[in-house]
Number of protein chains: 2
Amino acid sequence: MAIFSKTCEYAIRAVFYIAHKSSLGSKVGIKDIAAGIDSPELYLAKILQDLSRKGLIKSAKGPNGGFYIDEAARARPLSDLVEAVDGNGLFYGCALGLKQCSEINPCPLHNQFKAIRDQIYLLLHQTTLGEFNQELLKGLLSLKK
Amino acid sequence: MAIFSKTCEYAIRAVFYIAHKSSLGSKVGIKDIAAGIDSPELYLAKILQDLSRKGLIKSAKGPNGGFYIDEAARARPLSDLVEAVDGNGLFYGCALGLKQCSEINPCPLHNQFKAIRDQIYLLLHQTTLGEFNQELLKGLLSLKK
DNA sequence: TAATTAAAAGATATTCTTGTCCTTTTCTGG
DNA sequence: CCAGAAAAGGACAAGAATATCTTTTAATTA
């Protein structure tokens, strides 16, 4: 198991890619993005359509169209994106899948995992969608393979 | 997304349940376990067969048979179980699914998630399969719903 | 040894995720 | 207004995860 679903992995990589390109003032087409993050183009298209509907990214049809993220949206926390795609199970769900797990009716791992869930949430909440634009520009970070 | 697969959730809950019963000196049948942890009986049977083949639990056929875990195995780390079911992606995999992600070719989240992966591994490695026997006996912890 | 019990094994069904294909809509530039 | 570009949308396909059913094997005990 991975932390995120494959869909979410593609979504995060794509949004980082779009944020980076958008910070340079240009829109990006689906082909460009798919190549830039090594993902199946048509599947990624579905994911981005969904993110667009949910308002996490913007899109424009027609010539010179493509996907982009405005400055305000680039300041949004990564947790918004993860939650939109994978839900909030990572932040709030019981590690053992128990619906009724809580402080007063804890599963064996409840307390230990609370710390981990909190840390994951904090990390994703602190990180913004545009956080890595500089490093991506300089080629210091990878979004491929 | 949850941290563990459904299969792994069932596996952990079942193993905690078996460890607890085994510490009282009795074997447990699949029906008993499935009822004790609220899981689909026949699916759980498959999971336990697999764990048995992998040596994480023991089983005995015939009357008075069932599943059990000996004292030595009750001291094994939970990480062994998780790894047997879900693999080691949680401990070592890249959060964004990149095969080549590493210190020298990091994805944007590489460093942040290293801390989280380490913490998860540490937690699962410190916790033993028999860790919660006392609390389960006293009814202080839940494995159901 | 026969009957019973319980796990093992194999086959199949269902559901969800991931991935592809084809058509439609919308926008832009000439 | 027309042709082309690009995303949106709907339908479908493949694969993996989850779940069930049936038969077989092994052990116990009467």
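Letters A, B, ... mirror the listed sequences (proteins, then strands); counts begin at 1. Just so it is clear, the model here is predicted, and its values are computed rather than measured.
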>> Donor-acceptor pair, distance only, cut-off 3.5 Å: does the side chain of B:S52 make one with the backbone of B:L48?
In response: no
>> I need the CE-P distance between B:M1 and C:dT17, as an integer number of Å.
In response: 10 Å
> Taking the side chain as C-beta and beyond, is there a heavy-atom pair between A:R53 and A:D50 under 4.5 Å?
Replying inline: yes
>> Under 4.0 Å between a side-chain nitrogen and a carboxylate oxygen: does that hold for B:D70 and B:R74?
In response: no
> Among residues 30-42 of chain B, which contact DNA chain D at a heavy-atom distance under 4.0 Å?
Replying inline: B:P40, B:L42
>> If you take any heavy atom closer than 4.0 Å to DNA chain D, which residues from residues 49-70 of chain B end up in contact?
In response: B:K61, B:G62, B:P63, B:N64
>> Tell me if a side-chain donor or acceptor on B:S23 pairs with a main-chain N or O of B:H20 at a distance below 3.5 Å.
In response: yes
>> Does any part of the side chain of A:T127, heavy atoms only, come nearer than 4.5 Å to the side chain of A:F132, both counted from C-beta?
In response: yes
> Between the main-chain N or O of B:L96 and the side-chain N or O of A:R13, is there a donor-acceptor pair closer than 3.5 Å?
Replying inline: yes
>> Ignoring hydrogens and geometry beyond distance, is the side chain of A:K46 in donor-acceptor contact with the base of D:dG9 at under 3.5 Å?
In response: yes
> Do you see a donor-acceptor pair shorter than 3.5 Å between the side chains of B:D32 and B:Y17?
Replying inline: yes
>> Is it true that, when you exclude B:K114 itself, more than 12 heavy atoms of the residues, nucleotides or ligands shown sit nearer than 6.0 Å to its NZ?
In response: no
>> If you go through the side-chain atoms of A:K6, does one of them form a donor-acceptor pair with the base of C:dG19 closer than 3.5 Å?
In response: no
>> Within the 4.0 Å heavy-atom criterion, would you say B:V85 contacts the bases, only the backbone, or no part of the nucleic acid?
In response: nothing
